[in-house]
Amino acid sequence: MIFITARFRVLSEHADRWPEIAGDFTRATRAEAGCLWFDWSRSIENPDEYVLVEAFRDDEAGAEHVQSDHFKQAQQTLPQYLAETPRVINTTIPQQDWSVLGEMTVPERG
């Protein structure tokens, strides 16, 4: 899978509304057949920063994503709300889902 993590520093006056601002892009991306997940988190240390964790099935799914109409639309509309160009880590890894963090195994409950 293609695994991507990106940091978006949003202008302070738009930070509280970022999930709404990016909402159409988020929903459309999550609906893509090759999207495994597309999840936003807000930084605890910097409330103007959001981290996007996303994954796509393979190179083909990643290419379909960046060639989609909603991606092209996001390229046009989202930068006006950002304080800087997002920073990204993009890599391919040989798995299709999250692995279990064995070092923090939770015992059976119940």
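- Between the OG1 atom of Thr92 and the CD1 atom of Ile4 there is a distance of 8.5 Å, given to the nearest 0.5 Å.
- Distance CD/Glu54 to CE/Met1: 12.0 Å, rounded to 0.5 Å.
- Residue pairs meeting the ring pair (Phe, Tyr, Trp, His ring centres under 6.0 Å) criterion with at least one member in residues 79-102, sequence neighbours excluded, are His14-Tyr81, Trp37-Trp98.
- Side-chain atoms of Gln96 come within 3.5 Å of backbone atoms of Arg57 as a donor-acceptor pair (strictly under, hydrogens ignored).
- Side-chain contact between Arg30 and Asp39: present, with at least one pair of heavy atoms (C-beta onward) separated by less than 4.5 Å.
- Transitive grouping of hydrophobic side chains (ILVMFWY, heavy atoms separated by less than 4.5 Å) brings Phe25 and Trp18 into a common cluster.
- Smallest separation of non-hydrogen atoms from Ala15 and Pro47: CB-O, 3.7 Å.
- The salt bridge (Lys or Arg N to Asp or Glu O under 4.0 Å) check on Asp24 picks up Arg27, with sequence neighbours excluded.
- Under the 4.5 Å side-chain heavy-atom criterion for Ile, Leu, Val, Met, Phe, Trp and Tyr, Val88 and Phe56 are members of the same hydrophobic cluster.
- Listed by first then second residue, pairs satisfying salt bridge (charged side-chain N to carboxylate O under 4.0 Å, His left out) with a partner in residues 66-78 number zero, not counting sequence neighbours.
- One distance of note links CH2 of Trp40 with OG1 of Thr26; it measures 5.5 Å at 0.5 Å rounding.
- Partners of Asp58 under the salt bridge (Lys or Arg N to Asp or Glu O under 4.0 Å) rule, at least two apart in sequence or in another chain, do not exist in this structure.
- Applying the side chain to side chain donor-acceptor pair (under 3.5 Å) criterion to Arg42, with sequence neighbours excluded, gives Asp16, Tyr50.
- Ala74 approaches Pro79 most closely through the heavy-atom pair O-CD, 3.4 Å.
- A donor-acceptor pair under 3.5 Å is absent between the side-chain atoms of Gln76 and the main chain of Gln73, judged by distance alone.
- The environment of CD1 in Ile93 is crowded: more than 12 heavy-atom neighbours from other residues, nucleotides or ligands sit within 6.0 Å.
- Listed by first and then second residue, the salt bridge (charged side-chain N to carboxylate O under 4.0 Å, His left out) pairs involving residues 77-86 are Arg9-Glu84, Glu84-Arg87 (not counting sequence neighbours).
- The side chain to side chain donor-acceptor pair (under 3.5 Å) check on Ser68 picks up His70, with sequence neighbours excluded.
- The line from CG of Asp48 to CG of Leu11 is 8.0 Å long, rounded to the nearest 0.5 Å.
- Not counting sequence neighbours, the partners of Gln67 by the side-chain contact (heavy atoms from CB on, under 4.5 Å) test are Ala63.
- Under the side chain to side chain donor-acceptor pair (under 3.5 Å) criterion, Asp59 pairs with no residue, sequence neighbours left out.
- Leu82 has its side chain within reach of Val10: a pair of non-hydrogen atoms, C-beta onward, lies under 4.5 Å apart.
- Hydrophobic clustering, defined by side-chain heavy atoms of Ile, Leu, Val, Met, Phe, Trp and Tyr closer than 4.5 Å, groups Met104 together with Leu101.
- Among residues at least two apart or in separate chains, side chain to side chain donor-acceptor pair (under 3.5 Å) pairs with a member in residues 99-110 are Gln95-Ser99.
- Under a hydrophobic clustering in which Ile, Leu, Val, Met, Phe, Trp and Tyr are joined whenever their side-chain heavy atoms come within less than 4.5 Å, directly or via other members, Phe3 and Leu52 fall into different clusters.
- Take Glu45 and apply the salt bridge (Lys or Arg N to Asp or Glu O under 4.0 Å) test, not counting sequence neighbours, and it matches no residue.
- The two residues Val66 and Phe71 have their closest heavy-atom pair at O-CD2, 3.3 Å.
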